[in-house]
Amino acid sequence: MSEVKLRETAEKHAAAVVAGDVASVLSDLDPSLHEQIPAMVAAMPQNLSGAELSSLTAEATGGTTETRYVGSSGSIVVRATWELRGDRYVVTAAAPVE
């Protein structure tokens, strides 16, 4: 896959997070990450109003992105590791950037 496809996927995922589209967000996550969702939700700013992909590194089988989420109570940058599975990217790890 390409950097373009990873960028499109990451931007669509970020938009789903901001919109509160739980079904879309979950479909992008490896099931092993589902137990981390409550902690990630708690770390997010209140009343999300936007997201911006601030960095992207693409590799042959995946990549890493950093996305800044902005809300009424501040902002947070989340680093996500993406893995190519079949014809789509899936988040296999995610954590706030300190």
Side-chain angles (χ1 to χ4, degrees):
M1 296 295 264
S2 69
E3 179 177 330
V4 171
K5 178 67 174 174
L6 178 56
R7 179 177 300 280
E8 289 173 357
T9 301
E11 288 175 345
K12 182 178 175 186
H13 176 78
V17 170
V18 172
D21 183 349
V22 176
S24 290
V25 172
L26 289 176
S27 74
D28 290 335
L29 301 179
D30 182 85
S32 68
L33 296 181
H34 290 187
E35 65 189 35
Q36 295 178 6
I37 291 172
M40 288 300 293
V41 169
M44 288 289 191
Q46 297 295 311
N47 304 312
L48 286 175
S49 58
E52 178 184 0
L53 189 63
S54 55
S55 78
L56 180 143
T57 304
E59 300 169 2
T61 60
T64 304
T65 59
E66 289 186 3
T67 304
R68 176 175 300 281
Y69 293 94
V70 178
S72 61
S73 63
S75 66
I76 188 173
V77 176
V78 176
R79 180 178 295 133
T81 302
W82 297 80
E83 182 180 297
L84 184 59
R85 295 192 178 162
D87 64 347
R88 62 188 293 270
Y89 289 101
V90 175
V91 177
T92 58
V97 175
E98 298 287 329

#### Entry: side-chain contact (heavy atoms from CB on, under 4.5 Å) between R88 and D28, worked out
CA-CA 9 Å; R88 62 188 293 270; D28 290 335; 3.7 Å; yes
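Contact detail for A80 and V91: the closest heavy-atom pair is CB-CG1, 4.2 Å. Of all the heavy atoms in T67 and A14, the pair that sits closest is CG2-CB, 3.9 Å.
Residues passing the side chain to side chain contact (heavy atoms under 4.5 Å, CB included) test with S24 are A16, D21, sequence neighbours excluded. Every residue two or more places apart in sequence or in another chain that forms a side chain to side chain donor-acceptor pair (under 3.5 Å) with E83 is listed here: R85.
Annotation: the span from K5 atom NZ to D87 atom CG amounts to 7.0 Å, rounded to 0.5 Å.
Apart from V77 itself, the hydrophobic cluster it occupies contains V97, where clustering links Ile, Leu, Val, Met, Phe, Trp and Tyr at side-chain heavy-atom distances under 4.5 Å.
A salt bridge does not link K12 with E8: none of the charged nitrogens is closer than 4.0 Å to a carboxylate oxygen.
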Going by atom type alone, with no hydrogens or angles, which donor-acceptor pairs under 3.5 Å involve a side-chain atom of residues 33-43 and a protein atom two or more places apart or on another chain?
none

Contacts table for residues 46-58: side-chain donor-acceptor under 3.5 angstrom, sequence neighbours left out:
from: N47; atom 1: ND2; to: S72; atom 2: OG; distance (Å): 3.0
from: S49; atom 1: OG; to: V70; atom 2: O; distance (Å): 3.3
from: S54; atom 1: OG; to: E66; atom 2: O; distance (Å): 3.0

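Taken together through direct or relayed side-chain contacts under 4.5 Å among Ile, Leu, Val, Met, Phe, Trp and Tyr, L84 and L6 form part of one hydrophobic cluster.
Residue pairs satisfying the ring-ring contact (aromatic ring centres under 6.0 Å, His included) criterion with at least one member in residues 47-85, sequence neighbours excluded, are listed as follows: H13-W82.
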